[in-house]
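Scroll down for the structure; my scribbles are underneath it.
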Amino acid sequence: MTTATPPAPTATAAAVASPSLTSVFVRLKLSLLRNGLKQSGSRTAAYVVSIVFSALLAVVMLFAFVLMRGHTAAPTVTVLLAGVIALSWTVMPLFVPSGDETLDPSRLVMLPLRPRPLVRALLVASLVGVGPLLTTILAVGAGLALAVGAAGTAVAALAVPLVVLTCVALSRSVAAANIRLLTSRKGRDLAVLSGLVIAVGMQFVNFGAQRLGRAGGVSSLEPAAEVVGWLPPASAVSAIDAAGDGDYAIAAVKLVLTAAAVLGLLYWWQHSLVRLMTEPDGSTIGASPDAGAKDTSASSGRLGRLLPGGRTGTVMERSLRYIWRDPKTKSAWVTSLAIGAIVPLFNALQGTGSIYFACFASGMLGMLMYNQFGQDTSAFWMVAQTIATPADAYAELRARALALLTITVPYTALVTTATAAVLGRWDRLPEALGVAFALLGAMMSTGAFASANFPYSIPQDSAYKNVAPGQGGLAWISIFGGMLASALLCAPVIGLTLFLHLADHESLLWVLLPGGVLYGALLVQGGLKLAAPRVAGRLPEILAAVSKG
């Protein structure tokens, strides 16, 4: 008796049975969005708020584009806006690596997927979301503002999807090329520093807006728009204006340039995916133990030779390594260094500043002395084991202060000198340095006292929380109370400065430099002496406070 062999399935039947990879990824993206909203009410509320805000922004921008239609400034504004949108798509995956789970293609490494269909599926799935929708609306608005005649309308119909595809492909190719960085500790450092980028960017926007107002309005941006108009995807928007003006050749070149950019980005994206899925990363390559130990000891030796011996050098080295390695500490330092220089220098460049604005650097850096033990989090118990007497606490606080002063003193001098150079007021440099150093000493003094009396925990599981729940009052008292006390402690130096100016004794203003340095050093010494007994007597309370959360 023979058994009949079933016929082999045809290619058509297999195609019908297997769903399209693109449709699978689109459904996957929708499932991720839906399941993510089910995790918590706060996440759902945030997503709804983002949708409402995006919708309102889209309506306002569309209305503005319609009103701008036919205006002479429309080409400049729309082209530059397209450039800003593309830049935002470029940096988004670098600073919000966890904002979209589909940004990480390493999750697909074990699946039997070929690169080209995978890129196509990911590209279509990437078009699902609030960001692509808002970008599409803005691109349509730019087309409405610039399209003139049949040629302009036809070019706009091609330019709008090219703009969206370029932005999405740019974002995904950058994410794929840097995904191993973004999922590492350094990548988390970038996410922590995203707030700094926004703060610094706002200063640049403010500076640019003021310069724009003095330079004669939007017309002063036309040279920049001419350059940006040749860079994809802004070149596609510029092509709409060129077609409306009858420059069909230029419009065609700019469209082809944008299309070539899309193809180049897709190729880069595919190449990154191939490398990601076939090449080993650092976690699968064994490192030489001897070489690693040699490098570590050499690095420690170089830093150790520059620092004092004993406990002072050990604590200073630990504090300096926190600055370099701990994301929260690094973020605070970089923010203080950047804002402390931007405020005085930008005001000086605009001609509206004063050399005393350099004291802003002293204030920003001095606040880093506050909550010294909070940056240790629960690891402070190891430090607490070494503190048995007020003398031990004084040595600990003094070493931490010296580590901060190693950076803050030269930086304060540098910012003050640069501000004097921009303003051309070298005669005011000694008094400004004296006041700045006195303020720095006062901040260090009150910071040591606040660290002993008002410690609070710094959460490590969130890039955007710097105070544990329930400790907000402690943080406010520590920082703002300390700032007020520092201002009062600096009153003698400020009063002496005012007296010498009002009494027309400007030839004696130089004494403020040595006087400010000496007064600041005395304040630091006094603050450490007062705080040391409090630290030694409140170790259990400090440990409990900094370990919370």
Side-chain angles (χ1 to χ4, degrees), residues 26 29-30 32-34 36-37 41-93 95-96 99-100 124-149 152-171 194 198 201-202 205-206 208-209 212-213 217-218 221 225 228-229 232-241 243-244 258:
V26 171
K29 179 65 175 290
L30 293 174
L32 288 172
L33 291 175
R34 182 175 59 253
L37 296 178
S42 60
R43 185 165 182 172
T44 303
Y47 191 74
V48 171
V49 169
S50 66
I51 293 178
V52 173
F53 177 78
S54 300
L56 292 176
L57 178 61
V59 171
V60 172
M61 292 299 295
L62 276 178
F63 185 68
F65 280 130
V66 171
L67 293 179
M68 197 183 299
R69 181 177 176 83
H71 196 278
T72 56
T76 301
V77 173
T78 53
V79 168
L80 292 179
L81 178 62
V84 172
I85 292 174
L87 180 62
S88 301
W89 275 94
T90 304
V91 302
M92 180 182 64
F95 293 109
V96 196
D100 185 355
V124 176
S126 301
L127 298 175
V128 178
V130 178
L133 178 61
L134 180 59
T135 303
T136 303
I137 294 175
L138 294 178
V140 170
L144 292 175
L146 297 179
V148 176
T153 304
V155 172
L158 295 174
V160 170
L162 282 176
V163 169
V164 179
L165 288 176
T166 305
C167 291
V168 174
L170 181 61
S171 174
S194 59
I198 295 174
M202 291 302 296
V205 169
N206 179 43
L212 180 62
V218 179
L221 296 177
V228 176
S235 56
V237 176
S238 181
I240 304 174
D241 181 58
T258 308

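Since we're looking at a predicted model, the values are computed, not measured.
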Checking [X] now: which residues fulfil side chain to side chain contact (heavy atoms under 4.5 Å, CB included) with it, not counting sequence neighbours?
X	value
Val128	Val26, Lys29, Leu30, Leu33
Leu87	Val91
Leu67	Phe63
Met68	His71, Ala74, Val77

**Message:** Give me each pair satisfying side chain to side chain donor-acceptor pair (under 3.5 Å) with a member in residues 57-69, each pair once, sequence neighbours excluded.
**Reply:** none
**Message:** Considering only residues two or more places apart or on different chains, which pairs with a residue in residues 132-148 satisfy side chain to side chain donor-acceptor pair (under 3.5 Å)?
**Reply:** Trp89-Thr135
Closest approach of [X] and [Y], non-hydrogen atoms and distance?
X	Y	result
Ala234	Gly83	CB-N, 4.1 Å
Thr76	Ala225	CG2-CB, 3.8 Å
Ser126	Pro132	O-CG, 3.1 Å
Asp241	Pro75	OD1-CG, 3.5 Å
Leu62	Gly141	CD2-CA, 3.7 Å
Ile240	Gly143	CD1-CA, 3.9 Å

If you measure from [atom1] on [X] to [atom2] on [Y], what distance do you get to the nearest 0.5 Å?
X	Y	atom1	atom2	result
Leu133	Leu127	CG	CG	11.0 Å
Ile85	Leu138	CD1	CG	4.5 Å
Leu144	Ile137	CG	CD1	11.5 Å
Thr90	Leu170	OG1	CG	3.5 Å

**Asked** Do you know which of Val66, Leu81, Leu134, Val140 makes side-chain contact (heavy atoms from CB on, under 4.5 Å) with Met61?
**Response** Leu81
Validation: residues 153-169 side-chain donor-acceptor distances under 3.5 Å, sequence neighbours left out:
unit_1, atom_1, unit_2, atom_2, d
Thr153, OG1, Gly149, O, 2.8
Thr166, OG1, Leu162, O, 2.6

